[in-house]
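Everything below concerns the one structure shown next.
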Number of protein chains: 2
Amino acid sequence: MAATRRARTGTRPRLPDARARMITGAIDSLRVHGASATSIDRVLAATGAPRGSVYHHFPGGRTELLGRALDAAGATMSEYIEHLTRTHDPMTALEQFAALWRHTLCESDFRAGCPVFAIAVETNDDAPELAGTAAEIFARWHRALTEQLLRHDYPPARATRLASLTVAAIEGAIVLCRIHRETTPLEDTVTELRVLYTGGQ
Amino acid sequence: MAATRRARTGTRPRLPDARARMITGAIDSLRVHGASATSIDRVLAATGAPRGSVYHHFPGGRTELLGRALDAAGATMSEYIEHLTRTHDPMTALEQFAALWRHTLCESDFRAGCPVFAIAVETNDDAPELAGTAAEIFARWHRALTEQLLRHDYPPARATRLASLTVAAIEGAIVLCRIHRETTPLEDTVTELRVLYTGGQ
DNA sequence: GTCTATACGAAGATAGAC
DNA sequence: GTCTATCTTCGTATAGAC
């Protein structure tokens with residue numbers, strides 16, 4: 001609909017869809033700089049999006065921008081996790097996921113982390129809606145892992161617990177990798193989780 | 001020395017040692033609000049410390065305050081971890097440590113997390129010194145855990161990896177507990193780690 | 001060591017023109 | 001949809017009196 005209007009009026013944005021660019025720019029900033037440091041100015045500077053249309057696209061201002069970024073990042077990551085857990089066995093899925101993170105960490109020179117986790121760590125008083133959304137996203141990941149383990153004959157109690165450990169350990173390891181500027185914590189984490197995934201049930 | 005001068009001049013601060021109060025106030029703020037949100041104003045408001053002496057005690061300003069808070073928090077936590085790992089077997093030490101966190105989480109209504117982790121997650125461009133300090137603290141914890149496992153006859157390679165997983169998983173679980181407002185992720189994490197700590201070596 | 005006052009900049013948000 | 005002010009608040013930092 002924006003396209004038709006553009007064709008009619010002859011106006012044109014600098015790049016396709018400023019709103020979408022702002023959202024992806026916010027996600028990138030969340031990864032690298034965290035929630036508090038993800039200001040409107042920073043997103044605009046990084047994306048070249050027009051300052052004048054921020055409150056047009058996000059009437060709720062900065063909080064709404066962060067919310068839409070969290071929604072988008074959460075959906076993308078959740079769909080990938082659900083895809084992996086449905087098409088692979090638990091250990092293979094975990095290794096695939098870890099490989100993606102290894103790539104993200106190295107490619108960003110250990111600057112980029114998990115945007116959902118960034119909001120989870122920083123959000124407390126302000127924006128309880130963001131905290132709620134982040135909690136739902138983690139719950140979705142936990143559910144995907146639990147169901148996968150159940151399909152592979154893990155007892156329900158163990159499946160839930162192992163899913164909790166997996167989410168906690170991967171997220172924690174990503175932070176350790178960033179701060180140490182090496183992938184060892186992630187490798188170590190996956191290697192040890194392998195014992196639980198392949199060993200006893 | 002401050003006490004003698006106080007006795008001589010007759011002046012007196014509102015409470016003992018403004019500098020120490022600012023540091024503990026900064027640690028509390030780091031726990032609850034994160035690094036970016038830990039402003040000088042917030043620390044002063046929370047502690048009632050005098051605004052006029054901030055740059056007297058911390059010539060480097062906010063960054064130095066955060067640095068001293070990180071030093072203090074890191075030292076306290078490291079000493080406790082080293083105490084636990086020296087006086088208990090691996091599983092008991094882990095459970096003691098988890099019990100402390102369960103208490104901290106519940107008592108703070110799931111608002112307080114780990115101050116070192118908060119800085120690790122948020123610090124990127126600004127203040128590389130803080131990032132370096134945080135990395136050293138995590139390395140110290142990792143070392144304490146590794147040496148404990150070595151003393152309990154774990155092979156070196158496994159000891160290192162299990163120590164990495166433990167640090168990552170506990171830190172990650174604390175964040176999940178905060179965002180979900182329940183201790184289940186921590187309980188699950190410890191229960192599953194128990195398998196690795198007591199099962200195979 | 002502590003106070004007040006103030007300079008300065010960054011950031012969120014609004015108003016009104018185009 | 002986008003632009004240019006502008007307002008306001010907040011946060012860091014400094015200066016100078018007590």
Side-chain angles (χ1 to χ4, degrees), chain A residues 1-23 25-26 29-30 33-69 122-123 125-127 129-130, chain B residues 1-23 25-26 29-30 33-69 122 125-127 130:
Chain A
M1 69 249 170
T4 59
R5 201 172 312 145
R6 216 177 304 142
R8 275 205 306 273
T9 61
T11 61
R12 84 145 68 101
R14 303 183 195 174
L15 283 172
D17 205 348
R19 183 189 145 95
R21 271 187 302 139
M22 279 188 258
I23 290 177
S29 176
L30 284 172
H33 303 285
S36 301
T38 296
S39 63
I40 295 178
D41 280 6
R42 189 192 290 276
V43 173
L44 293 180
T47 59
R51 151 167 265 99
S53 54
V54 172
Y55 287 85
H56 170 75
H57 294 301
F58 307 97
R62 191 185 94 108
T63 303
E64 181 168 345
L65 170 58
L66 291 188
R68 295 301 79 76
E122 291 185 56
T123 299
D125 300 296
D126 51 290
E129 47 171 303
L130 293 183
Chain B
M1 61 223 170
T4 60
R5 202 172 312 147
R6 217 178 300 144
R8 274 204 308 272
T9 61
T11 61
R12 82 145 70 99
R14 301 184 196 175
L15 282 173
D17 204 348
R19 183 188 146 95
R21 270 186 303 140
M22 277 187 259
I23 290 177
S29 177
L30 283 173
H33 303 286
S36 302
T38 296
S39 64
I40 295 178
D41 280 6
R42 189 192 290 276
V43 172
L44 293 179
T47 59
R51 151 167 264 98
S53 54
V54 173
Y55 287 84
H56 170 75
H57 293 302
F58 307 97
R62 191 185 95 108
T63 301
E64 182 168 345
L65 172 58
L66 291 188
R68 296 300 80 74
E122 291 184 56
D125 300 295
D126 51 290
L130 294 183

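By convention in this document, chain letters (A, B, ...) are assigned in the order of the sequence lines, proteins followed by strands, and residues within each chain are numbered from 1.
Side-chain contact between Arg68(B) and Arg19(B): present, with at least one pair of heavy atoms (C-beta onward) separated by less than 4.5 Å. For the pair Leu30(B)/Leu66(B), a side-chain contact is recorded, criterion being any heavy-atom separation below 4.5 Å from C-beta on.
For the pair Met22(B) CE and dT12(D) P, the computed distance is 13 Å after rounding to whole Å. To the nearest angstrom, P of dT12(D) lies 13 Å from CZ of Phe58(B). Between Leu65(A) atom CG and dG12(C) atom P there is a gap of 10 Å when expressed in whole angstrom units. Atom-to-atom, NE2 of His56(A) to C1' of dT2(D) comes out at 9 Å; the value is rounded to the nearest Å. Between the NE2 atom of His33(A) and the C1' atom of dA10(C) there is a distance of 15 Å, rounded to whole Å. Taking atom CG of residue Leu66(B) and atom P of nucleotide dT12(D), one finds them 9 Å apart after rounding to whole Å. Spacing between atom CD of Glu64(B) and atom P of dA13(D) amounts to 11 Å, rounded to whole angstrom units.
Closest non-hydrogen pair, Thr38(A) versus Ser29(A), comes out as OG1-OG, 2.9 Å. When all heavy atoms of Phe58(B) and Met22(B) are compared, the closest pair comes out as CE1-SD, 3.9 Å.
Listed for the Glu122(A) side chain is a donor-acceptor partner under 3.5 Å among the backbone atoms of Ser36(A).
The stretch residues 38-46 of chain A touches DNA chain C through Ser39(A), Ile40(A), Asp41(A), each having a heavy atom under 4.0 angstrom from the strand.
Evaluation of the salt bridge (charged side-chain N to carboxylate O under 4.0 Å, His left out) test over residues 41-50 of chain A, restricted to residues two or more places apart or in two chains, returns Asp41(A)-Arg51(A).
When each of Ser53(B) and Tyr55(A) is assigned the nucleotide of DNA chain C with its nearest heavy atom, Ser53(B) is the one assigned upstream, toward the 5' end.
Contact annotation: His57(A) side-chain N/O to dT2(D) OP1/OP2 distance is under 4.0 Å.
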